[in-house]
4 protein chains.
Amino acid sequence: MTSESTSNSTKDIILERALEQYMEVGYKGLSMRNIAQKVGISATAIYRHYSNKEALFHQIIKTGFGTYTKYLMPALEADTAEKRFRQTLENALNFVLDHPKYFELIFVKSDTKDELANHDDLRKDSKISFDFYSARIHECIKEGVFKEDHPGEVSVLLLASFTGFFSLYIGGLLPRSEDEVRALYWRTVNRILNGISIT
Amino acid sequence: MTSESTSNSTKDIILERALEQYMEVGYKGLSMRNIAQKVGISATAIYRHYSNKEALFHQIIKTGFGTYTKYLMPALEADTAEKRFRQTLENALNFVLDHPKYFELIFVKSDTKDELANHDDLRKDSKISFDFYSARIHECIKEGVFKEDHPGEVSVLLLASFTGFFSLYIGGLLPRSEDEVRALYWRTVNRILNGISIT
Amino acid sequence: MTSESTSNSTKDIILERALEQYMEVGYKGLSMRNIAQKVGISATAIYRHYSNKEALFHQIIKTGFGTYTKYLMPALEADTAEKRFRQTLENALNFVLDHPKYFELIFVKSDTKDELANHDDLRKDSKISFDFYSARIHECIKEGVFKEDHPGEVSVLLLASFTGFFSLYIGGLLPRSEDEVRALYWRTVNRILNGISIT
Amino acid sequence: MTSESTSNSTKDIILERALEQYMEVGYKGLSMRNIAQKVGISATAIYRHYSNKEALFHQIIKTGFGTYTKYLMPALEADTAEKRFRQTLENALNFVLDHPKYFELIFVKSDTKDELANHDDLRKDSKISFDFYSARIHECIKEGVFKEDHPGEVSVLLLASFTGFFSLYIGGLLPRSEDEVRALYWRTVNRILNGISIT
DNA sequence: TATGAATGAGTATTCATTCAT
DNA sequence: GATGAATGAATACTCATTCAT
């Protein structure tokens, strides 16, 4: 129960199966019946644990953001801004490789946006992870690791690049082997940091 | 409304409303009833124009790819590799600003991937636009506009960056004003080309 | 146009295709759309020729009875009761072999019974063919070809036997070759006439 | 209502009403809505008991064959081939009088043939009853009850006759009173066994 | 905690038919 | 004679949810 992917209670198993099914078919395709079948309980048993479909979905997103934050946070333990920044990139990569479905849920699925728009608590969770990223970049600029530049816009650039990179990975357009993806990731990071054009 | 995507036949109106609704709720949420209601015809009248829901969706995607390609192609008229590359970026930006829903459909929605997986004709359409992008980058490397580098990996970087940038825009995380987005886009392009770190 | 199975007018072609489709799927499965498609005209064009689905079906049955009667009648030309009886059996067999679908329509399909129940003209057509049969049997008893027996009950026996025989044939439970069926038919007729048990 | 086919569970009631409706309108005309209405439950409640329309129809046929077999089997207890044969005829008659709709379903309806063609288990059920019939006839020939004759062809004759007789009964062409039909049945049986013609 | 029965709204789709052309 | 567009009713089926047990 303390590990982020293992759990034993029926409630947690429902959540896991629901996440899996959601990633396949989206919110509208998410079916209490189908989840129940995968869990091995009756459809109505779910209502013992979640008051309705939306409450269950809400919990899926909440768990996604929580897991993401758990991955990012340890980067704070490094002792320089650059190390904290690079560790954040490493942690984000690990998150995506470990939980591609959560990444997709958080960064890609539009259902999530709708849910964010309507629920303050989720918006707060979302802000935490975005801000973490920005803070690392601000640090780097402040400490001279990056060129003197507009911190918000550099954040945009990096966030866009990494989100895009992961999207390509999720979409199956990058090499499948984890080692290859890791290596390509860091080469891509370096290209972005150093630029690709001649002058 | 004055843009080139407007048309008057019932068939085209259905297509437009279907696209709109698809972007809100995905394939599973796409409802023939609902489309019909928005168009102002009976639910079954749609079948006069599209044989079924999937045929309608297929046409949505096909039109999306077709429109995208129409935006990209004119870049070939420029007379240097770099100009063709920059014009391609410009055209892609215009496409996203003019047709954000088509962008989302093509680059983000997973339903589209399923459809691509099952239909050769769509896969061909998809390949055309991806290859166009790659070809521009290869040219630039070959002609010394970019550093000597692995062309495929530079493609990955650029594709990831722009896809990510547009995703942020679509997701509402960038300034709304078109002028501001355009300016930010080009500053971001330049940062990627030139790098952001000091050495 | 004078032959019972060939015709050229659209009206007749519709009738033929409708009969074919009816035999496959029954009245409820009979579809104006589907008939039209087989004929090669639009669904609504049928209404130029038949005022609605029931009128079309009515004509199918009427044609079926008419054709059956046309097969039976020539038996009257034979010069003895027994010859007329045997010729009637021969003609009925020919009708079934030539038009198995009409046989099925007339003797098996319950939709036909419904239609008969509601339409006097069809009931009259039906009576003509049944009476023809009975009349041949009455003749045979009267002229001593058959044992002195209850004519109505002998009719029942013969009608049951031949209807049943044809049903087995239609149902695919008898040999397929026409020659074999013909031979088996006559052996069966003789067994019925002569009995099968020892005493 | 006091007969052995009545039962009280919703599942069984659905089956009975479905059978009734099927006999009126055939498979295509069989409507889940309509069955539900007759049972007095909502249209969708049926799916709690039968996974879909075909599963329900399948069960109808299966029950029909099962019932028929239950009627025939006790004939085996008689102690001579002739008695077993005559008892089989008696049992078949009882089956038809008790369950005319099942008879029609099994021997007449073409939908059943389609279903048989596609489902091994039903085909097996069907074979059991046909073989039972044949076996009784073979016995009779072997034991000299019938003339030395081709057993398969005698089977055809008898099967055809009785199927045809019952068809006439079902079709309303025979006397309605059960006693009269029983008497006519046995007179017809005797006529078939003994022949009707003079020589 | 869990289940089975049931419901009512909603889904895609087919159909006979009408109407304007 | 024929068509294409459209309609409204009907069909099988799925779904979230409630309730009694």
Side-chain angles (χ1 to χ4, degrees), chain A residues 9-11 14 25 27-37 39-57, chain B residues 9-11 14 25 27-37 39-57, chain C residues 9-11 14 25 27-37 39-57, chain D residues 9-11 14 25 27-37 39-57:
Chain A
S9 75
T10 301
K11 184 164 186 171
I14 291 170
V25 290
Y27 183 76
K28 283 254 181 178
L30 192 61
S31 142
M32 303 301 258
R33 269 162 148 68
N34 213 304
I35 295 168
Q37 196 191 326
V39 175
I41 58 177
S42 77
T44 56
I46 295 180
Y47 291 87
R48 284 287 137 193
H49 306 284
Y50 300 93
S51 59
N52 55 34
K53 184 177 165 181
E54 218 208 318
L56 174 55
F57 183 50
Chain B
S9 76
T10 301
K11 184 165 186 168
I14 291 170
V25 290
Y27 184 76
K28 281 249 183 182
L30 194 60
S31 146
M32 301 301 259
R33 264 168 163 47
N34 213 303
I35 294 167
Q37 197 191 327
V39 175
I41 56 178
S42 77
T44 57
I46 294 180
Y47 292 87
R48 180 63 38 191
H49 306 284
Y50 299 93
S51 59
N52 55 37
K53 183 177 165 181
E54 218 208 315
L56 173 55
F57 183 48
Chain C
S9 75
T10 300
K11 183 164 186 171
I14 291 170
V25 291
Y27 183 75
K28 282 255 181 180
L30 193 61
S31 141
M32 302 301 258
R33 270 161 149 68
N34 213 305
I35 296 167
Q37 197 192 326
V39 175
I41 57 178
S42 78
T44 55
I46 295 180
Y47 290 86
R48 284 286 137 193
H49 305 283
Y50 299 94
S51 60
N52 55 34
K53 185 177 165 182
E54 218 209 317
L56 173 55
F57 182 51
Chain D
S9 76
T10 301
K11 184 164 186 170
I14 291 170
V25 289
Y27 183 76
K28 282 249 184 184
L30 194 59
S31 146
M32 301 302 259
R33 261 176 217 283
N34 213 304
I35 296 167
Q37 196 191 326
V39 175
I41 56 178
S42 78
T44 59
I46 294 180
Y47 292 89
R48 180 62 40 189
H49 306 284
Y50 299 93
S51 59
N52 54 38
K53 184 177 165 180
E54 219 208 315
L56 173 55
F57 183 48

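In what follows, every chain begins at residue 1, and chains take the letters A, B, ... in the order their sequences are listed.
Taking CE from Met32(B) and NZ from Lys53(B), the interatomic distance works out to 8.0 Å, rounded to the nearest 0.5 Å. A distance of 11.5 Å separates CG in Leu30(B) from CD in Glu54(B), rounded to the nearest 0.5 Å. Annotation: the span from Ser31(C) atom OG to Gln37(C) atom CD amounts to 8.5 Å, rounded to 0.5 Å. If you take CG on Asn52(D) and CD1 on Ile46(D), they are separated by 11.5 Å, rounding to the nearest 0.5 Å.
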Expected string for nucleotides 16-21 of chain E under the B/S/- scheme (protein heavy atoms, under 4.0 Å, primed atoms plus P, OP1, OP2 as sugar-phosphate) is BBB---
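Per the geometry, CD1 belonging to Ile14(C) stands 11 Å off C1' belonging to dA2(F), to the nearest Å. Atom CD1 in Ile46(B) sits roughly 15 Å away from atom C1' in dT14(E) (whole-Å rounding). Separating the CD1 atom of Ile41(B) from the P atom of dG4(F) is a distance of 17 Å, rounded to the nearest angstrom. Protein atom NZ of Lys11(C) is 12 Å distant from nucleotide atom P of dA2(F), rounded to whole Å. Between the CD1 atom of Ile35(D) and the P atom of dC13(F) there is a distance of 10 Å, rounded to whole Å. dA12(E) atom P lies 13 Å from atom CD of Gln37(B), rounded to whole Å.
Remark: Thr44(D) pairs with Ser42(D) by the side chain to side chain contact (heavy atoms under 4.5 Å, CB included) rule, at least two apart or across chains. Remark: Tyr27(D) pairs with Phe57(D) by the ring pair (Phe, Tyr, Trp, His ring centres under 6.0 Å) rule, at least two apart or across chains. Under the side chain to side chain contact (heavy atoms under 4.5 Å, CB included) criterion, Val25(A) pairs with Gln21(A), Lys28(B), sequence neighbours left out. With sequence neighbours left out, the side chain to side chain contact (heavy atoms under 4.5 Å, CB included) criterion links Arg48(A) to no other residue.
Phosphate contact (OP1/OP2 of dA2(E), side-chain N/O of His49(A), threshold under 4.0 Å): present.
Here the side chain of Tyr50(A) pairs no donor or acceptor atom with the backbone of Ile14(A) at under 3.5 angstrom.
Secondary structure note: stems in DNA chain F built from 3 or more consecutive Watson-Crick or G-U wobble pairs under 3.5 Å occupy E:2-21 with F:2-21.
Rounded to whole Å, the P atom of dA20(F) lies 22 Å from the corresponding atom of dT1(E).
Residues Ala45(A) and Thr10(D) each lie close to DNA chain E; by heavy-atom proximity, the contact nearer the 5' end of the strand is made by Ala45(A).
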